[in-house]
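Below you'll find the structure, written out as C-alpha cells, and then a few comments.
Below, all heavy atoms of this structure are taken into account, side chains as well, without hydrogens, waters or symmetry copies. Every chain is numbered from 1, with letters handed out A, B, ... down the list of sequences.
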Amino acid sequence: MSKHADRAYDPAAIERKWQDAWDRNGTNAFTLDQLRTARRPFFNLMMFPYPSAEGLHVGNIYAFTGADVHGRFKRMQGHDVFEPIGFDAFGIHSENFALKTGIHPMELIPANVANFRRQLRRIGGMFDWNHTVDTTDPRYYKWTQWLFLQLFKRGLAEQKEAPVNWCPSDMTVLANEQVIAGMCERCGTPVEQRRIRQWFFRITDYAGRLLENLDHIDWSASTLKAQSNWIGRSEGAELRFPVVPDGGGKAAHPGTGAVISVFTTRPDTVFGASYVVLAPEHPMVDQVTSGPFREAVGDYRTRAREMDLVTRQKAGKEKTGMFTGGYCINPATRKPVPVWIADYVLMDYGTGAIMAVPGHDQRDYEFASRFDLPIVRVVAAPGEAGDTSGVEAYEEPVGTLVNSGSYNGTPVREAKLAIVDDLAARGKAERKVNYRLHDWCISRQRYWGPPIPVIHCDHCGVVPVPEEDLPVVLPRVEDFRPDPSGVSPLARVRDWYEVPCPSCGGDAVRETDVSDTFLDSAWYFLRYPSADFGDRAFDEAVTGRWLPVDAYIGGNEHAVLHLLYSRFVVMALHDMGHLDFEEPYKRFRAHGLIIRDGAKMSKSKGNVIIPDPIIERYGADTFRLYLMFLGPFMEGGDYQDKGISGPRGFLHRLWESIVPRDGALPTDPPDREVERRLHQTIRQVTEQVADLRYNTAIAAMMAYLNVARARGRTPRRDEIEPLVRLAAPFVPHIAEELWQRLGNDGSIFDGARWPGYDPAKAAENRVRVAVQVNGRVRGTVLTPAGSDREEVAALAQAESNVARHLDGAEVRRIIHVQDRLLNFVVG
RNA sequence: GCCGGGGUGGUGAAAUCGGUAUACACAGGGGACUUAAAAUCCCCCGGGCGCAAUCCCAUGCGGGUUCGAGUCCCGCCCCCGGCACCA
C-alpha cells in the first residue's frame, strides 16, 4: 500500500509541502561558503519589485515566473544558479501613499515587504532568501551613500542649478510625469518652474563609452535601440558667429570680441542661416541685447523661466521669441544677422544657441514665418527643385548647394566637410559630437530616500561625510509633508541637520535632499551575493565569482533609465578600480506585457487580475504554466480567464498518468512512435526554453502527452518521467511531487538532470512529402526519409490527383526540397 | 513627427535560413458516463460550392520578385509601446 494516501491532485497541499521542504532543506539558498566555492556559477537576475500596498500584480508574477523558469532550467543543466530577489522600497510612490493614508513609510514598508515575501514564496520562485536586499534598510543604503562618496571623490558628482517643477498649492516638487497639461496631477494647480541647486552625476562624461559598449553586449534589440536613441549621438560642428559690436545702435559692451557659438548637424546650410537664436537662459543674452530691447527681452526671459517644464518643452506649440536688437556675423556669408531669443532653443543641448536655417529646418521655418525673417534655400533637392511645394522646409540632407557662393553645385555630403574645414582654417569652426544624454540629477526634495551624505560648512564648503560615519540614517519624522520652502522636509529637523563640520569642527548643516530611487537600484545586483558582509559594499572574491550578471530579465519600461544608470555606475566603479568588469549584465532580455481581453489592465477599467484568489483556486503551478503559455514571453499576451483550463487539464492528465498506479507504470514493449515523439519533444523544449520561447515549449509538451496517452493508453515510465523533468521549471511543485512518487529522493532540481535526446531516435524514417504542380499542393506522398528527387518524383507521378494535373503538360523543371516538397513546374 | 513591436480562424496564438498556413489551447457543436450537475473521456470545428475531394478562396490593403510569399522588396492603412522643439 502506498504511503501516499491521497491520490487526487491537490495543488494547495503539495505546494505547501514543497515550499516548506525547500525552506527546511535550504534547497534554493546558498551559504556564504557555497557562494565562495560554486563551481558553475550562474547569476540569474530579475528586476526587484517595488513593494506596493496592493501586493504583487500579475505583471510581477509574469516577469518573475519567466525568469524563474530560466533559472530552474539552468540549474537542471548543472549550473549553480543564484536567484535572489529584493525590495526597491524607497521613493515617491510610497511617500505619496503614506501621505494619503496617514501610515508612516517606516511602518508601511515592512508590512508590504512581509506581504510580498509571502506572495513570492507562494508562487514557487527559486529565491535565495539568505541573500535579499531592502533598499530602505540602513545596512543597504549605507553602501548607496558610500557609492555616492566614491563618485564624489572621483569628481563625478557635482552641484549645479537646475529647474524643477513646483506645485504652489501642494508645495512640492513634481516629477515631469506628475505634470499634466501644465497642471499638477493631484490638485490641478498650474505648475511653476523653480531653479535650485541640485546634485548631478556626470554620466555625460561616459556617453561615448555607454554607446560604444552597446555593440558588445547580448541584449534585446529593442532595448539596445532605446538606449542608443536616448544617448543620442549627433555628429556636426560648432560654428562661431562674432557679435557685431555696434549692431543695433548701442551695444552693451562694444568691441569685446564676443562670439556666439552654435552647434549644428548641417554646416552645409550655413549660407542659409539668416538669424541666430539664444536660449532664454543663455549667459550672453544681456551682452547682446541693446538698450531699447532690454525691457521686452527681460520680460520674455522671466516668462520663460516661470513656465512649467512640461509646457515649455512641448513640441508643436506656437513659437515665441524676442529680438534682442543685437547682431552677429554669419561666418560664411560674412554678413550680419539678427540675434533673437526663443524658448524653442534649449539651454541644455549643444551650446544653448543655434543658427537658424528656415529654408531647411521646420522649426526655424515656423519661427521665421511668424516674425518675418528671411527664408533662404541653400540646398536644391535632387532633380527638380520645384517639387517641394508641399514641404515648407526642405530637411532631407540630400541634394546640391545653391545660394552658397563658391560651394554652389557641391553635394550636401561633401559640403558638410568642406565648409567646416574652410571655416576651421579661419578659426570659425570645429568638428563636434553632441549627445542628447543629460547629466543625471539625483537630488530629490523629499523625505523617503537615503540622505545624500554631504555636509555644508560656511568655511570648508561642501564636505563629504567621512565613510566611517556612514550610514547617515534617515530620521523618523512624523510630519514629512512638503512645505513652501522648496526643500526637503528634512530641512525642518534641526537636531538632525545641525552637525559639526567633519573638516574644521565648526557649525555646519547636512544636505537635506535625499537621493533618487534609481541610485538604489543602480547597484543592487552587486549587493546580493555580498549581503553577508557588513563591512563592505561588495566583497572582491564573491563579486569576482558571480558578476557580471549572467542573465537579466525584466521589463522594457526600464530599457533606458535603470539599465543605463547601472551601466554608468559599474563603469565608474571599474575606473576607480573597485570592479574588474565594466558592463553589469552579460545578457538582458525584455519580456512583454500582459493585457486582459485586449485592453491594458487598469484599476479604472476594473480589469486588473488579483493573483491570490487564482493561485488559491488553481494552484501556483497552474497559474505559472498558464502565464507562460498565453503568448510569447518576450512579447506578452492577452490574459483570458477561461484560458487557464488548458494548462490545468494538462497538469491533471500528467498527474493521472503517474499517481493512480503509485508509480508502478506499465512495462509494455517500447512504442517506437512514442519514443520518437519523446526525443523530438526533448529537442524542441530544450531549444525553446533556452530561447525563452516558453509558449511553444509548453505546446510541445502538451502535444507529446496527448500522443503518449492516445486511445486511453498509459505511458511507460521511461515515456513519462522525462516529461516531468521537462515540465519541472514551469511547474516546480507538482514536478517535485511526481518525482518523489516515481520513487526518487530529494529535489528534482538537484537529483534530475535535464534530459538529453538522441538525434537518431528523434529522426523520422518515413516522411510525408508535399507534391506541388506549379506551386500548388496537389497531393502528398509517404517516402522513406532522405529519398532523392527521382524516387519522390516516381511516387508522386503515380498519385492520381497529381497525375491529373500533370496530364498532357510538359514538365519543364522539378524542384525538390528533401523530405518536404516536390514541385513540378509545367509549361 | 521619430524609433521599436505587431496585424493570421469565433478567441489566445503556431509556422520567420521562402517550401503542405492555422500546431497547442480556449470558446462553440455533437456524443459517452451520470438520477442530475460538475468533473472526465471521445468526435467535429477558417470560408465557399458540394455527396465528396489535395475544387475554389483566405495570413490588414495594393503592387512586385520567385517554380513557390504569412515570411523578401516597393507603396499604403490600422493597433500597441517608447521618445518627443535635441538644432
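One finds a side-chain N or O of R436(A) lying less than 4.0 angstrom from the OP1 or OP2 phosphate oxygen of A84(B). Close to A87(B), at under 4.0 Å from its OP1 or OP2, lies a side-chain N or O of S234(A). At U54(B), none of the side-chain N or O atoms of R778(A) fall inside 4.0 Å of OP1 or OP2 (strictly under the cut-off). Remark: N229(A) is not in phosphate contact with G82(B), judged by side-chain N or O atoms under 4.0 Å from OP1 or OP2. For R812(A), no side-chain nitrogen or oxygen approaches OP1 or OP2 of C67(B) to under 4.0 Å.
Within the 4.0 angstrom heavy-atom criterion, no nucleotide atom of any strand lies near G350(A). D638(A) comes within 4.0 angstrom of the backbone, heavy atoms only, and of no base. No contact: H558(A) has no heavy atom under 4.0 Å from any strand.
S220(A) and R589(A) are not linked by any side-chain donor-acceptor pair at a separation below 3.5 angstrom, with hydrogens and angles left out of the test.
Of the two residues contacting RNA chain B, namely T264(A) and R693(A), the nearest-nucleotide position lying further toward the 5' end is that of R693(A).
When both distances must be under 3.5 Å, the Watson-Crick or G-U wobble mate of U40(B) is A32(B). Nucleotide U65(B): unpaired (no Watson-Crick or G-U wobble partner with both distances less than 3.5 Å). Pair assignment for U11(B): A25(B), on the basis of Watson-Crick or G-U wobble contacts that are both within less than 3.5 Å. G50(B) is unpaired under the criterion used here, namely a Watson-Crick or G-U wobble arrangement in which both key atom distances are under 3.5 Å. The partner of G4(B) is C80(B), by the rule that a Watson-Crick or G-U pair needs both atom distances under 3.5 Å.
When each of V339(A), N330(A), V259(A) is tested with F241(A) by the rule side chain to side chain contact (heavy atoms under 4.5 Å, CB included), just one qualifies, namely N330(A).
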For nucleotides 24-32 of chain B, print each protein N/O atom paired with a nucleotide N/O atom at under 3.5 Å, atom names and distance only.
residue	atom	partner	partner atom	Å
A25(B)	OP1	N706(A)	ND2	2.8

